[in-house]
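The basis for the numbers below is simple: all heavy atoms, side chains too, and nothing from hydrogens, waters or symmetry mates. Letters go in sequence order (proteins before strands), and every chain restarts at 1.
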Amino acid sequence: MDNIEQIKINTVVNGEKVEAFVEPRLSLVDFLRNELELTGSHVGCEHGVCGACSIQVDGSVVRGCLMLASQADGADVISIEGASDAGIVADLQKAFHERNALQCGFCTPGMLLTSSELLDQKKNPTRAEIREYLSGNYCRCTGYEAIIDAVETVAIDRAGSSHNGKS
Amino acid sequence: MKPAAFNYKKPSTLTGVLELLRESGEDSNILAGGQSLMPTLNMRLSAPSLLIDINGVDELFGISVTDNTVRIGSMTRHAELEKSSVISEHIPLINAAMPYIAHPAIRNRGTIGGSLALADPAAELPACLCALRGFVEMTSTSATRKVEAKDFFRALYETDLKANEIITAIEIPRYDQNYFSFIDELSRRHGDYAMCGLAFHAKIEEKIISDAQIVFFAVEAKPIIAVTAMRELEGAKISDVSLEVLQGAVGNDLDPFGDLHASATLKLHYAKELIKRAITSGITSG
Ligand SMILES: Cc1cc2nc3c(=O)[nH]c(=O)nc-3n(C[C@H](O)[C@H](O)[C@H](O)COP(=O)(O)OP(=O)(O)OC[C@H]3O[C@@H](n4cnc5c(N)ncnc54)[C@H](O)[C@@H]3O)c2cc1C
Ligand code: FES
Ligand code: FES
């Protein structure tokens, strides 16, 4: 099609200001991966089913494949790289590692961001609640049980420690 | 897959949206939460030349309460309805429907206006709005009108919405504390679209049922109001309801279509199971 107007966006990605011109059809996850070289968010189904592309936008985890880069204008975007560097998911990462809750790792960034959102909202989720919250994130390797174990462990640890999560 | 190229505009006023819509006609699509539109674009099932993003129009967001109604802006996201104390207090049916809709990340973006405009036969909100006898408010550059939910849903993915209109709000009457709400569905996995679902709303005062609304979804092309079954319940004492008779009436009311996940016979079986659950739940709720 002719006459496609590029869209100018100003956004904050992992704490850094980003100004860019993007094609309207560019998805947020492709923008992060291909333009900013933040390849931690993965692209699986591209129609909202698998959760591999999970990204936090203005405090909520969303599907990076169902949001346009142009819609991130004015938004605060945190990808797994930012969450990881800031230590927000450090205890989850450790628990996933120790419990073998990842194999190929394709789903892991989405699993971490989504379980982090759950634990922010609910201090003591039951296993059923963890399962339900992660129901939109596919894992083709682990069979989920280890992932639920890891998230449960972190929930219990966080509830047990008086200061914010970890030392 | 990646979508075909399109242009993108994000007006900050309703007038701006409606004028763009009028100028561009059928060649444009409204972009609300994007949770249904973006998948269809990514799969190239459609290729509009312009997306009109309505996420910048403040007046489309939010929930307000008047003496008789609760008004929900069309851009109100599922996650907000799920957390809203106004909704859980005044429209518990909508609150109870939320966990059934997709997954948290999708509820963080998806909107009530988008759900109604799309009119997926398996979606929860169209059925809830019918059970609550709510209204859909639609606006074009020339007029604003309200249509009752039962007349809004026309056929498979087909509504009363015209190409030059957008949904601006939803209005739901306020019901008193004696109303009982129930929603349940059967699906393959949590968060999947239902194979059969039921939204049930009725007054139960001193155990006597009145004003019952029984609406099934995912059984036919649009939400089905089970009028024979509703008549069976009118004036009945909830503990004396004959399930067999009621299930028979549901059988009369429905003409299910079979799909990939469930045959017509199975859907009818599920519908009868769901109405049983609704009555059982009504009995135990006091
Ligand atoms: C994996 C997955 C699972 C899902 N499961 C469920 C489920 O179980 N139940 C369920 O109900 N939904 C489900 N959904 C869909 C979800 O609820 C969508 O959010 C919703 O159907 C559409 O809302 P939206 O705001 O995202 O609309 P969009 O995707 O932005 O738009 C959908 C359509 O409506 C039009 N539209 C949007 N808003 C307006 C408006 N205000 N006026 C006029 N037209 C408008 C658009 O032009 C488009 O044609 C699922 C989605 C995914 C990706
Ligand atoms: S790539 Fe976004 S949900 Fe699968
Ligand atoms: S670890 Fe491979 S998909 Fe989850």
Check your understanding: Can you tell me how far SG of Cys45(A) sits from CG of Asn42(B), rounded to the nearest 0.5 angstrom?
Key -> 9.0 Å
Exercise for review: Count the heavy atoms of every other residue, nucleotide or ligand shown that sit under 6.0 Å from NZ of Lys2(B), and state whether that count exceeds 12.
Suggested key: yes
Check your understanding: What's the spacing between Asn7(B) CG and Asn3(A) CG if we round to 0.5 Å?
Key -> 7.5 Å
Check your understanding: Should we count NE2 of His269(B) as having more than 12 external heavy atoms under 6.0 Å?
Key -> no
Study note, to complete from the structure: Residues Tyr8(B) and Pro24(A): closest non-hydrogen pair is CB-CB, 3.7 Å
Review point. In terms of side-chain geometry, is the basic nitrogen of Lys10(B) or Asp73(A) positioned less than 4.0 Å from the acidic oxygen of its partner?
Key: no
**Study point:** Atom CZ of Arg127(A): over 12 foreign heavy atoms under 6.0 Å
**Key:** yes
Check your understanding: Which heavy-atom pair separates Asn108(B) from Val62(A) by the least distance, and what is that distance?
Key -> CB-CG1, 4.3 Å
Revision key, fill the gap. Okay, Asn137(A) and chain B: the region with an atom under 4.5 Å from a heavy atom over there is neither
Study note, to complete from the structure: Given Thr114(A), Leu118(A), Leu68(A), the one with more heavy-atom pairs under 4.5 angstrom with chain B than any other is Leu68(A)
Revision key, fill the gap. So, the part of Leu37(B) with a heavy atom under 4.5 Å from chain A: the answer is neither
Review point. What option among Arg131(A), His47(A), Glu117(A), Glu46(A) has the most heavy-atom pairs under 4.5 Å with chain B?
Key: Glu46(A)
**Study point:** Options Gly48(A), Ser70(A), Gly51(A), ranked by heavy-atom pairs under 4.5 Å with chain B, top entry
**Key:** Ser70(A)
Exercise for review: Answer whether the closest heavy-atom distance between the side chains of Lys83(B) and Gln121(A) falls below 4.5 Å.
Suggested key: yes
Check your understanding: Above 12 or not: heavy atoms from other molecules or residues under 6.0 Å from CD of Glu5(A)?
Key -> no
Review point. Quick one: SG on Cys65(A) to CE on Met1(B), what's the gap to the nearest 0.5 Å?
Key: 13.5 Å
Exercise for review: Identify which part of Leu50(B) has an atom lying under 4.5 Å from any heavy atom of chain A, answering side chain, backbone, both or neither.
Suggested key: neither
Practice item. Could you pull out the closest heavy-atom pair between Pro3(B) and Arg25(A), with the gap in Å? Key: O-NH1, 2.8 Å
Review point. Looking only at heavy atoms, what is the nearest atom pair of Ala105(B) and Arg63(A), with distance?
Key: CB-NH1, 3.9 Å
Check your understanding: In Å, rounded to the nearest 0.5 Å, how long is the span from OH of Tyr138(A) to CZ of Arg189(B)?
Key -> 3.5 Å
**Study point:** NZ/Lys123(A): more than 12 non-hydrogen atoms of other groups inside 6.0 Å
**Key:** yes
Point to revise | Check against side-chain contact (heavy atoms from CB on, under 4.5 Å), Asp53(B) and Gln71(A) | key: CA-CA 8 Å; Asp53(B) 187 346; Gln71(A) 294 187 288; 3.0 Å; yes
Check your understanding: At what distance, to the nearest 0.5 angstrom, does OG of Ser60(A) lie from CZ of Arg109(B)?
Key -> 9.0 Å
Exercise for review: To the nearest 0.5 Å, tell me how far Leu134(A) CG sits from His190(B) NE2.
Suggested key: 11.0 Å
